[in-house]
Amino acid sequence: MTEQDNNHTLSASGSQPDRQRRNLLRGAGLFGGGVLAGAVGAGGWLKLQASPDPAAQRVPFAGVHQAGVTTPTPQEAIFIAFDVLARDRKGLQETLQLLTRRIAFLTQGGPAPVDAPKLPPPDSGLLGDTVSPDALTITVALGASLFDGRFGLQALRPRHLTAMPAFPNDALDAAWCDGDLLLQCCANSRETVIHAVRDIIKHCPDKLAARWKMDGFQPAAAVRHASTPINLFGFKDGTGNPETSDKQQMDALVWVGDKDQEPAWARGGSYAVVRLIRFTMEQWDRTPLGEQQGIFGRDKHSGAPLGKKQEFDDPQFAADPHGQQVPLDSHMRRAEPRLHGRHDARLLRRSYSYSLGLTKSGQLDMGLVFVSFQANLQTGFIATQQRLNGEPLEEYIKPFGGGYFFALPGVEDNGWLGQSLLAAAG
C-alpha cells in the first residue's frame with residue numbers, strides 16, 4: 001500500500017482554489033487557535049474528486065492511520081463511549097474484529113442486507129435499500145480503563161493514557177465521562193451517523209454497553225460554501241490549526257512514532273481528547289461586543305486578530321508585548337502564544353457544536369464537543385489547557401464530561417483494529 005493510499009482519498013463535489021480550500025480545511029472546527037478551537041481534520045494530501053452525489057462520497061477504510069483524524073470534517077457527528085463486556089482477551093479480540101467488519105461495510109457502503117420475515121430485520125432500513133457511504137468515518141479509540149486487569153494489557157497502556165482529571169473550571173459528571181472504547185462517527189448527513197450507531201449497537205449487544213453519547217454538528221453554510229464556520233458564540237473559528245497537508249508536521253504533532261517512546265503497537269495511532277463543554281448562552285448574549293472580542297482576541301465579524309484586518313493575519317504578538325491590541329489573557333493568545341514559533345498548541349483540533357435541549361434550570365443546553373488529536377498528550381492538550389486555566393472565557397463555559405482515549409493505528413493487509421495491541425500481549 002502506498003503512502004497516498006494510506007491517507008484516505010476522499011471523493012467530494014468540485015475542486016476549490018487553493019485559498020478557498022485552505023479556508024475549508026481550517027474552518028472545519030471551532031475556537032481558532034486554542035484548546036476550545038475546533039479542528040480542521042483534513043489532509044492536504046487528500047485528493048478531492050468530483051462526485052455528483054454527496055451520499056456517494058467514500059473515505060477508504062484501510063491505511064496506516066484510521067480515517068476521521070486528518071480526514072475533512074463533514075457536517076454531522078456522533079460521539080459514543082462504551083464499556084466492553086468481554087471477560088477475557090479472546091472476547092476482546094472478537095469484539096474488535098466484529099467492529100472492524102461493521103465499520104468496513106458501513107464506511108464503504110453497499111446493498112442493505114435482505115430481510116427475513118420471521119427474524120428481526122438485519123438493517124434498520126433508515127438509509128433504504130442501499131447503505132450509501134456518505135463520507136462516513138468511524139474512528140475507534142480506547143480508554144485507560146481497558147488496560148486494567150481484565151485483558152492482561154496493563155504493560156501495554158500508552159504512557160500518557162489515564163482517566164481525564166478535572167481542571168479548575170470543570171464540573172465533571174461521571175455519567176458523561178470516560179469509557180473503555182469510544183467511537184467517533186462523522187458523515188455528511190444526520191441519518192448516516194444515526195444508522196451507523198444503531199448498526200453497531202445491534203451487532204454488539206453482548207459485547208458493548210453504551211455509556212454516554214453526544215451528537216455534534218458543523219454549520220451547514222460553512223460546509224456548503226467552504227468558508228470558516230461560526231461557533232455558537234458567534235465567532236469565526238478554526239484558523240489556528242496546523243496544515244494537515246504537511247505530512248512532516250502531522251507526523252510530529254499528531255501521529256505516534258518512534259520519537260514518542262510509546263509501546264511499539266501504538267505507532268500510527270494518536271491520543272484523542274474529547275471534552276463536553278456547556279456554554280452559558282444567555283449570559284454571553286448579554287455581554288457587550290467589545291468585551292466578547294477581548295475575551296477571544298478577535299474581531300467578531302471578520303475573524304481577524306484585534307488590530308488586524310484579515311482572518312488569517314499574523315497577530316504579531318511580539319510587537320504587542322503589553323496586550324494593547326490582543327489582550328494578554330485572551331483565548332487566542334493564551335492558547336497559541338507563539339513563544340516558540342507557530343503551533344505552541346501541539347495538537348490538531350476536530351471539534352463540533354452540540355445542542356441538547358434545556359438544562360434543569362431551564363437554560364439552553366448548548367456548547368462544544370471539543371476534540372483534539374495529538375502524538376503526546378502532555379505537550380498537546382494538557383499543556384494547552386494549563387495555559388488556558390483562569391482565562392476570562394471560563395465565565396461562560398463549563399466542561400462537564402468527555403475523556404482521554406487512544407485512537408488505534410489503522411488497518412492494513414486484511415487485518416483488524418487493535419490487532420497490533422493484542423499481538424503484543426501474546
Side-chain angles (χ1 to χ4, degrees), residues 8 10-14 24 28-30 38-39 41-42 48 51-61 66-68 71-82 98-115 119-140 182-205 208 210-226 229 232 274 276 350-357 365-366 368-369 371:
H8 312 299
L10 171 66
S11 297
S13 55
L24 168 63
L30 303 172
L48 302 183
S51 174
D53 180 9
Q57 295 175 358
R58 179 179 289 109
V59 181
F61 172 65
Q66 284 193 77
T71 311
T73 310
Q75 185 170 327
E76 302 291 342
I78 291 178
F79 301 85
I80 182 166
F82 295 90
L98 177 56
L99 270 178
T100 302
R101 292 194 297 272
R102 295 317 305 162
I103 293 171
F105 169 71
L106 293 167
T107 58
Q108 302 310 291
V114 178
D115 295 348
L119 296 173
D123 186 81
S124 65
L126 180 59
L127 301 182
D129 295 336
T130 300
V131 176
S132 299
D134 201 28
L136 175 67
T137 62
I138 303 176
T139 310
V140 179
L182 176 78
L183 298 182
Q184 173 194 264
C185 306
C186 304
N188 289 331
S189 62
R190 196 90 195 106
E191 60 268 26
T192 297
V193 289
I194 292 173
H195 174 270
V197 168
R198 288 177 61 183
D199 181 277
I200 288 171
I201 290 176
K202 174 183 175 61
H203 283 86
C204 301
L208 298 173
R211 184 180 181 92
W212 57 264
K213 168 182 169 291
M214 181 65 81
D215 298 4
F217 64 91
Q218 290 284 325
V223 173
R224 187 167 57 248
H225 299 301
L232 292 181
V274 178
L276 309 180
R350 201 177 195 274
S351 304
Y352 281 78
S353 294
Y354 82 83
S355 178
L356 199 58
D365 192 349
M366 295 180 177
L368 182 73
V369 185
V371 182

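In what follows, every heavy atom counts, from backbone to side chain, and hydrogens, waters and symmetry copies are set aside.
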query: Should Ser355 and Asp365 be marked as a side-chain contact (heavy atoms from CB on, under 4.5 Å) after you check the CA-CA gap, both sets of side-chain angles, and the distance that decides it?
result: CA-CA 6 Å; Ser355 178; Asp365 192 349; over 6 Å; no
task: For Met214 and Val274, run side-chain contact (heavy atoms from CB on, under 4.5 Å): C-alpha distance rounded to whole Å, both residues' side-chain angles, the deciding distance at 0.1 Å, then the answer.
output: CA-CA 11 Å; Met214 181 65 81; Val274 178; over 6 Å; no
- request: Test side-chain contact (heavy atoms from CB on, under 4.5 Å) on Met366 and Ser353 and set out the steps.
  value: CA-CA 8 Å; Met366 295 180 177; Ser353 294; over 6 Å; no
- prompt: Does the side-chain contact (heavy atoms from CB on, under 4.5 Å) test come out yes or no for Tyr354 and Leu232, once each step is laid out?
  reply: CA-CA 9 Å; Tyr354 82 83; Leu232 292 181; over 6 Å; no
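Rounding to the nearest 0.5 Å gives a distance of 5.5 Å between CG of Leu99 and CG of Leu208. The SG atom of Cys185 lies 11.0 Å from the CD1 atom of Ile194; values are rounded to the nearest 0.5 Å. To the nearest 0.5 angstrom, Arg198 atom CZ is 6.0 Å from Leu126 atom CG. The CD1 atom of Ile80 sits 4.0 Å away from the CD1 atom of Ile201 when rounded to the nearest 0.5 Å. In this structure, Leu182 CG and Thr139 OG1 are separated by 9.0 Å, a value rounded to the nearest 0.5 Å. Expressed to the nearest 0.5 Å, how far OH of Tyr352 lies from CZ of Phe79 amounts to 6.5 Å.
Distance alone, capped at 3.5 Å, places no donor-acceptor pair between the Gln184 side chain and the Ile138 backbone. Looking only at distances, no side-chain donor or acceptor of Thr107 sits under 3.5 Å from a matching main-chain atom of Thr137. When atom types are taken as modelled, the side chain of Gln108 and the backbone of Ser132 share no donor-acceptor pair closer than 3.5 angstrom.
Taking the side chain as every heavy atom from C-beta outward, Leu183 and Val197 never approach each other to under 4.5 Å.
Contact detail for Lys202 and Pro122: the closest heavy-atom pair is CE-O, 3.5 Å. When all heavy atoms of Val371 and Ser351 are compared, the closest pair comes out as N-OG, 3.0 Å. Scanning both residues, Thr192 and Pro133, for their nearest heavy atoms gives CG2-O, 4.3 Å. Contact detail for Ala67 and Val59: the closest heavy-atom pair is CB-CG1, 3.7 Å.
A donor-acceptor pair shorter than 3.5 Å cannot be found between the side chains of Gln57 and Asp134.
Scanning for salt bridge (charged side-chain N to carboxylate O under 4.0 Å, His left out) contacts around Arg101 gives an empty result, with sequence neighbours left out. With sequence neighbours excluded, the residues forming a side chain to side chain contact (heavy atoms under 4.5 Å, CB included) with Ala220 are Gln75, Arg224, listed by chain and number.
Each salt bridge (charged side-chain N to carboxylate O under 4.0 Å, His left out) pair with one or both residues in residues 183-196, not counting sequence neighbours, appears once here: Glu76-Arg190, Arg190-Asp215.
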